[in-house]
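In this text the structure is predicted, and so the values were computed from the model without any measurement.
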Amino acid sequence: MNHKFEQRLAPATAPGVRAFGLAVIAAAALLAGAGVIPASALATTITLNTTATGNSPVGITIDSAGNIYTANYGSNSVSKITPSGVTTTLNTTATGTGPNAITIDSAGNIYTANISSNSVSKITAAGVTTTLAATGINPIGITVDSAGNIYTANGGSSSVSKITPAGVTTTLNTTATGNSPVGITIDSAGNIYTANSGSNSVSKITPAGVTTTLNTNRH
């Protein structure tokens with residue numbers, strides 16, 4: 001192997017790990033030579049244009065067309081980065097304060113959980129921004145189901161809020177929910193799961209509103 005190429009590996013790398021890295025590189029080079037992997041695809045790095053991105057982006061999502069959206073906590077805005085790297089700031093005149101999490105539905109509507117104003121903002125595909133009904137305290141996670149219902153994990157009130165497409169907000173049965181939920185997702189059956197940072201646990205809420213804490217003590 002070319003000695004100069006070998007020296008590009010960090011000298012502090014453990015010998016076994018370093019040898020493994022060299023083997024991986026050599027294997028990739030052989031595959032490229034055999035036509036399995038194009039040589040041009042090796043070690044390709046692309047930096048997206050983020051010169052127009054807002055301050056302190058902390059949430060991110062992507063749509064079916066490959067457009068990337070960030071929730072910019074520090075500038076109360078949302079940035080869109082196209083697959084070609086063009087960055088724009090969406091209309092956020094009605095966006096709440098401190099957008100911390102972001103998601104998108106199948107129609108292209110974007111939703112942000114605004115931790116500082118206890119609200120959710122909706123940005124349509126046309127760029128129209130509205131603030132939906134208030135949520136629990138400090139919504140820090142957000143997801144949306146196939147029917148357009150929005151769910152937020154409220155870290156400050158250890159609860160989950162549901163906002164319907166009509167803007168009606170309810171608090172789900174969270175008597176068994178762990179402390180300080182910060183992440184949230186939903187499966188195809190409508191079960192909601194929260195990651196509870198304050199109690200090191202995961203909670204499951206069924207469509208019927210039954211809440212249980214999953215066993216997270218096993219490793």
Side-chain angles (χ1 to χ4, degrees), residues 48 52-54 57-73 75-84 86-136 138-155 159-174 177 181-195 202-209:
L48 300 180
T53 302
V58 293
I60 191 168
T61 192
I62 188 169
D63 66 18
S64 58
N67 297 297
I68 301 165
Y69 303 86
T70 61
N72 308 314
Y73 176 87
S75 55
N76 302 323
S77 64
V78 170
S79 294
K80 174 183 177 180
I81 306 175
T82 67
S84 62
V86 178
T87 305
T88 55
T89 299
L90 304 184
N91 176 10
T92 57
T93 54
T95 300
T97 306
N100 191 85
I102 189 168
T103 191
I104 189 167
D105 65 20
S106 59
N109 297 302
I110 301 163
Y111 305 89
T112 62
N114 310 312
I115 191 172
S116 299
S117 56
N118 301 325
S119 65
V120 168
S121 294
K122 174 182 178 180
I123 306 176
T124 67
V128 178
T129 305
T130 54
T131 298
L132 305 182
T135 65
N138 301 141
I140 196 170
I142 192 168
T143 192
V144 61
D145 66 19
S146 58
N149 296 298
I150 304 157
Y151 303 86
T152 61
N154 309 311
S159 64
V160 171
S161 294
K162 174 183 178 180
I163 306 176
T164 68
V168 178
T169 303
T170 55
T171 299
L172 303 186
N173 176 10
T174 56
T177 301
V182 296
I184 188 168
T185 191
I186 188 168
D187 65 19
S188 58
N191 296 299
I192 300 163
Y193 304 86
T194 62
V202 170
S203 294
K204 175 183 177 180
I205 306 175
T206 68

Q: Write down the atom of Ala101, the atom of Gly141, and the distance for their closest heavy-atom approach.
A: CB-CA, 3.9 Å

Q: For Thr61 and Thr103, indicate whether the former's side chain and the latter's backbone hold a donor-acceptor pair under 3.5 Å.
A: no

**Q.** Non-hydrogen atoms of Val144 and Ile186 that approach each other most closely
**A.** O-CG2, 4.0 Å

Q) Any donor-acceptor pair under 3.5 Å linking the side chain of Asn100 with the backbone of Ala113? A) no

Q. Given the rule in the side-chain contact (heavy atoms from CB on, under 4.5 Å) test, do Thr130 and Leu132 qualify, once you have shown the distances and angles that lead to the verdict?
A. CA-CA 6 Å; Thr130 54; Leu132 305 182; 4.2 Å; yes

Q) What's the spacing between Asn76 CG and Ser117 OG if we round to 0.5 Å? A) 8.0 Å

Atom pairs and distances, side-chain donor-acceptor, residues 64-71, under 3.5 Å, sequence neighbours left out:
residue: Asn67; atom: ND2; partner: Asp63; partner atom: OD2; Å: 3.1
residue: Tyr69; atom: OH; partner: Asp63; partner atom: OD2; Å: 2.9
residue: Thr70; atom: OG1; partner: Asn72; partner atom: OD1; Å: 2.9

Q) What's the shortest heavy-atom distance between Ser116 and Tyr73, and which atoms? A) OG-OH, 3.7 Å

Q.
If the test is side-chain hydrogen bond (donor to acceptor under 3.5 Å, both in side chains), which one of Thr97, Thr112, Thr169, Asn114 qualifies with Ser119?
A. Asn114

Q) Gly54 and Ser77: which non-hydrogen atoms are nearest, and at how many Å? A) CA-OG, 4.0 Å

(Q) Can you list everything that forms a side chain to side chain donor-acceptor pair (under 3.5 Å) with Thr152? Sequence neighbours excluded, please. (A) Asn154

Q: Mind listing the closest non-hydrogen atom pair of Ile140 and Pro181 along with its distance?
A: CG2-O, 3.4 Å

**Q.** Flag, side chain of Asn118 to backbone of Thr135, donor-acceptor distance under 3.5 Å
**A.** no

Q | From Thr194 atom OG1 to Ile184 atom CD1, the distance as rounded to the nearest 0.5 Å | A | 6.5 Å

